[in-house]
> 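One structure, pasted below without further comment.
Residue numbers start from 1 in every chain, and the chains themselves are labelled A, B, ... in the order their sequence lines are given, proteins ahead of strands.
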Amino acid sequence: MRWSQYFIPTLRQDPADAEVVSHKLLLRAGLIRQLGAGIYSYLPIAQRVALKVMQILREEMNRVGGQEFYLPALHPAEIWKESGRWEAIGADMFRLRDRKDADMCLGMTHEEIFTSIARNELRSYKQLPQVWYQIQVKFRDEPRPKSGLMRLRTFIMKDAYTFDLDAAGLDKSFADQREAYKRIFTRCGLNFAIVEASSGSMGGSTSNEFVAKTDAGEDLIATCANCGYAANLEKATSRVPTVADDNGLSSPEEFPTPGVRTIEDLTTFPGGATADRQVKSLVYVATIKNEQQPVLALLRGDHQLHETKLADSLGATFVRTAHPEEIRELLGAGAGSLGGVGARVRAKEANFQLYLIADLALRDRRGMTTGANKDDHHLRGVDIERDIQPDTWADLRSVASGENCPRCDQGTLEVYKAMEIGHIFKLGTKYSESMGATVLTQDGKEVPIVMGSYGIGVERIITAAIEQNHDADGIIWPKTIAPFDVVVTVTNIKDEQLRETGEKLYKDLQRAGLDALLDDRDERAGVKFKDADLIGIPYRLTIGKKVADGLVELFERRTKTSEDVKLGEIVSRVQKLALAGL
RNA sequence: CGGGGCGUAGCACAGCCUGGUAGUGCGCUCGGUUUGGGACCGAGAGGUCGGAGGUUCGAAUCCUCUCGCCCCGACCA
């Protein structure tokens, strides 16, 4: 491409709306323009990068036996009603009606559609396994689109689905995808990790999340340097030292605590208790199978609740903290004086079925202090099992940096920020059962197909690549996904000799199979250098005064080092560099 | 959905409080000088001040409504 005619609208100043680095650089380097919140147009440079990413996705999917499809983005509601997700999914789905007033939606993922093909066409175990994938647009009405291409409402996803006869087959398919994902992210030049994560409303047993470490990310990952344990905070556990309790009291004892509202307050209150001897009581309203269920979550006073863990433990699609009025109606006291003792009975009087869920760290604890469900009063000497009898026990606690690794003896956990770039799920038979996708086994039995689903966000890869590869001057693309391999910069286009040298070199590079860009603009050299740095092309060949001596300057974007190379050798040199690993 | 902020030229912003000719820098066009890290001089083009309604002799400016965008929180497959 000739830069003089190519559309690369670079910006000198940072756009006011951009906050994170990748967003600023995507705009400044002329890759994207915004159309609406979470909706962006991809300009030619971005499209080139996206196509390179997609090519890697295709190659690695094909390598593990994937077959590429292209499914509709517009879906009739019926198919989503069959799986139950038309109701299960809330406002995140873009819904619309057609002219006949029929419910439709824009696809946010394609389990239902792929499953509908599978159930109609797959009949026999002999046809399995199948590995199907597509690269296609997805629509999600995110509550808060943000950070450029990080959280979008319309984005490109590579989604793959596997269909197996049994669990063993799924294990193999899952492992294949996992390996493919490792190769994909490695080839894209990303620093990534595989972590345990919540499956959310996807359902299924096991899921692995692929994350790229970056401060711009929204996920928190706990890792152990000693044994390699890694988990999203929504799933991570840790070992915390147990607290030795005294014998406690034969029954809880109420005492007045005027003005005490928080765990902290009670630690300093005369006759109070240290935080690890208190029970934190949080009232939530969970949405379970479209029903509102009040829940009292109990944790150790010095521990933090993780809401995703709570939702997962309850099988809820959504949890929110109860409003102050709801809390008072339910338990007869305000937040700050709440507790599990007698809570179920108190709620019953108000005609509510209160569900009590307690964190595992409260197991076997006695002599605890907690609210009395009476303003300005607490109870001491509470024995959790004896006095509260939770309906269930679950891991509800957020782990923190410095806590002991749950897997190994020596390690401690470190928590860092990351962004999700891919997620793979063992779905099992959730969709095949609800939608009737079955095959006949060798002995003639009809069994539901065992499925897996695997997603990668194309824009997330691009965003992560920039977040992890940039400097003060701009983007530093990994060679594998750079929009061009090399840019030929003619310092003065009005100089006949320089121009002709540049033109020839440009054509030779192309002939050698390289993606080359010729900067033939009538601009000062400085402007061209700045733009080339900003856009982040891995190599720049500067055609300047040294041409008289038969030399061009080879500049490496990443290291900002340059070297003079003989004109006759430069093409093979660049070819070697461009094809070399990252 | 709760809290905060912002919509004025392609971009970044000033002007608004205290109503009276719509400005600055970058970019763009033309001419000239320059030419290896975002040049300089000169001359230009470019704006229904997000939209609607109201107050007023007069509204970018004051009032009401509305649309949009950004950030924090909540949420998130």
> For A:T542, report the nucleic acid contact type (base, sugar-phosphate, nothing); a contact means any heavy atom under 4.0 Å.
base
> Grab the CG-P distance between A:D17 and B:C72 for me, whole Å please.
13 Å
> Is A:P9 touching bases, backbone alone, or none of the nucleic acid, heavy atoms closer than 4.0 Å?
nothing
> With rounding to the nearest 0.5 angstrom, report the CG to CZ distance, A:D141 to A:F94.
3.5 Å
> With sugar-phosphate meaning primed atoms plus P, OP1 and OP2, does A:G36 contact a base, only sugar-phosphate, or nothing at under 4.0 Å between heavy atoms?
sugar-phosphate
> Is it the case that the base of B:G36 and the side chain of A:E553 share a donor-acceptor contact (distance under 3.5 Å, atom types as modelled)?
yes
> Looking at every strand, decide which applies to A:R144 at a 4.0 Å heavy-atom threshold: base, sugar-phosphate, or nothing.
base
> Look at the side chain of A:R540 against the base of B:G36 and say whether a donor-acceptor pair falls under 3.5 Å; ignore hydrogens and angles.
no
> At 4.0 Å (heavy atoms only), tell me whether A:E142 reaches a base, stays on the sugar-phosphate, or touches nothing.
base
> Taking the side chain of A:N492 as its heavy atoms from C-beta onward, which of B:G36, B:U35, B:A74 lies nearest to it?
B:U35
> Give the B/S/- string for nucleotides 39-47 of chain B, one per nucleotide from 5' to 3', where a protein heavy atom under 4.0 Å of the base yields B, of only the sugar-phosphate yields S, and otherwise -.
B--------
> If you measure from CZ on A:R12 to OG1 on A:T10, what distance do you get to the nearest 0.5 Å?
8.0 Å
> Find the distance A:L534:CG to B:C26:C1' and express it as a whole number of Å.
15 Å
> Please name the nucleotide paired to B:A45 by Watson-Crick or G-U wobble geometry with both distances under 3.5 Å, or report none.
none
> A:E19 side chain: which of B:A12, B:C76, B:C70 is closest?
B:C70
> Rounding to a whole Å, what distance do you find between A:E523:CD and B:C28:C1'?
12 Å
> Rounding to an integer number of angstrom, what distance separates B:G15 and B:C6 when you compare their C1' atoms?
16 Å
> In this structure, are over 12 heavy atoms from other groups packed under 6.0 Å from A:K560 atom NZ?
yes
> Have a look at A:Y40 and tell me which of A:R153, A:E459, A:H23 forms a side-chain hydrogen bond (donor to acceptor under 3.5 Å, both in side chains) with it.
A:H23
> Taking any strand in view, what nucleotide pairs with B:C76 in a Watson-Crick or G-U wobble way, both distances under 3.5 Å?
none
> Using atom C1' of each nucleotide, how far apart are B:C30 and B:C63 to the nearest Å?
47 Å
> Would you indicate whether the side-chain heavy atoms of A:Y454 and A:Y133 approach each other to under 4.5 Å?
no
> Return whichever of A:E420 or A:D522 has its heavy-atom-nearest nucleotide of RNA chain B closer to the 5' end.
A:D522
> Please check the phosphate of B:G38 (OP1 and OP2 only) for any side-chain N or O of A:K528 closer than 4.0 Å.
no
> Rounded to the nearest 0.5 Å, how far apart are CZ of A:R557 and CG of A:D471?
4.0 Å
> Expressed as a whole number of Å, how far does the C1' atom of B:U64 sit from that of B:A22?
25 Å
> Is a donor-acceptor pair below 3.5 Å formed from side chain A:D531 to base B:G38, judging by atom type as modelled?
yes
> Give the rounded distance in Å between these two atoms: CZ of A:R521 and P of B:G27.
13 Å
> I want to confirm an ordering. Mapping A:D533 and A:A16 to their closest nucleotides on RNA chain B, which one lands closer to the 5' end?
A:A16
> Side chain of A:F529 only, heavy atoms from C-beta on: which candidate in B:C71, B:C69, B:G36 is closest?
B:G36
> Considering every strand shown, what is the Watson-Crick or G-U wobble mate of B:G58 when both distances are under 3.5 Å?
none
> Ignoring hydrogens and angles, does a donor from either the side chain of A:R28 or the base of B:G38 sit under 3.5 Å from an acceptor on the other?
yes
> Using the C1' atom in both, what is the distance from B:U61 to B:A14, to the nearest Å?
14 Å
> For B:G53, give the paired nucleotide (Watson-Crick: N1-N3 plus N6-O4 or O6-N4; G-U: N1-O2 and O6-N3; both under 3.5 Å), or none.
B:C63
> Given atom NE2 of A:H323 and atom C1' of B:A74, what is their separation to the nearest angstrom?
11 Å
> Taking atom P of B:G2 as reference, at what distance in whole Å does atom CZ of A:R320 sit?
14 Å
> Among A:R460, A:Q136, A:K138, which residue satisfies the side chain to side chain contact (heavy atoms under 4.5 Å, CB included) criterion with A:M157?
A:K138
> Between B:C69, B:C76, B:U35, spot the one nearest the side chain of A:K494, thanks.
B:U35
> Say whether A:D164 and A:S173, considering side chains only, have a donor N or O and an acceptor N or O under 3.5 Å apart.
yes
> Send over the distance from A:R557 CZ to B:G37 P, rounded to a whole Å.
17 Å
> Is B:C69 paired to anything, Watson-Crick or G-U wobble with both distances less than 3.5 Å, and if yes, which nucleotide?
B:G5
> So, using side-chain hydrogen bond (donor to acceptor under 3.5 Å, both in side chains) as the criterion, who are the partners of A:Q292 when residues are at least two apart?
A:T287
> When we call it a touch if two heavy atoms are under 4.0 Å apart, what does A:S562 touch: a base, just sugar-phosphate, or nothing?
nothing
> For B:G23, give the paired nucleotide (Watson-Crick: N1-N3 plus N6-O4 or O6-N4; G-U: N1-O2 and O6-N3; both under 3.5 Å), or none.
B:C13
> Less than 4.0 angstrom between a side-chain N/O of A:Q13 and OP1 or OP2 of B:G38, yes or no?
no
> Between B:A9 and B:U18, how far apart are the P atoms? Round to whole Å, please.
25 Å
> Suppose you measure atom P in B:U29 against the same atom in B:G46; what distance do you get, rounded to whole Å?
15 Å
> Report the C-alpha separation of A:T262 and A:E264 in whole Å, then their side-chain angles, then the decisive distance to 0.1 Å, and conclude whether the side-chain hydrogen bond (donor to acceptor under 3.5 Å, both in side chains) test is met.
CA-CA 5 Å; A:T262 64; A:E264 175 67 22; over 6 Å; no
> Using the C1' atoms only, state how far B:G2 lies from B:A59, rounded to an integer number of Å.
33 Å
> Could you let me know what B:G37 is paired to, Watson-Crick or G-U wobble, both distances under 3.5 Å, or none if it's on its own?
none
> Using the P atom as the reference point in each nucleotide, state the distance between B:G23 and B:G31 in Å, no decimals.
27 Å
> Would you kindly give the CZ-to-P distance between A:F318 and B:C76, to the nearest whole Å?
7 Å
> Of A:I461, A:L26, A:V20, A:T214, which meets side chain to side chain contact (heavy atoms under 4.5 Å, CB included) against A:I466?
A:L26
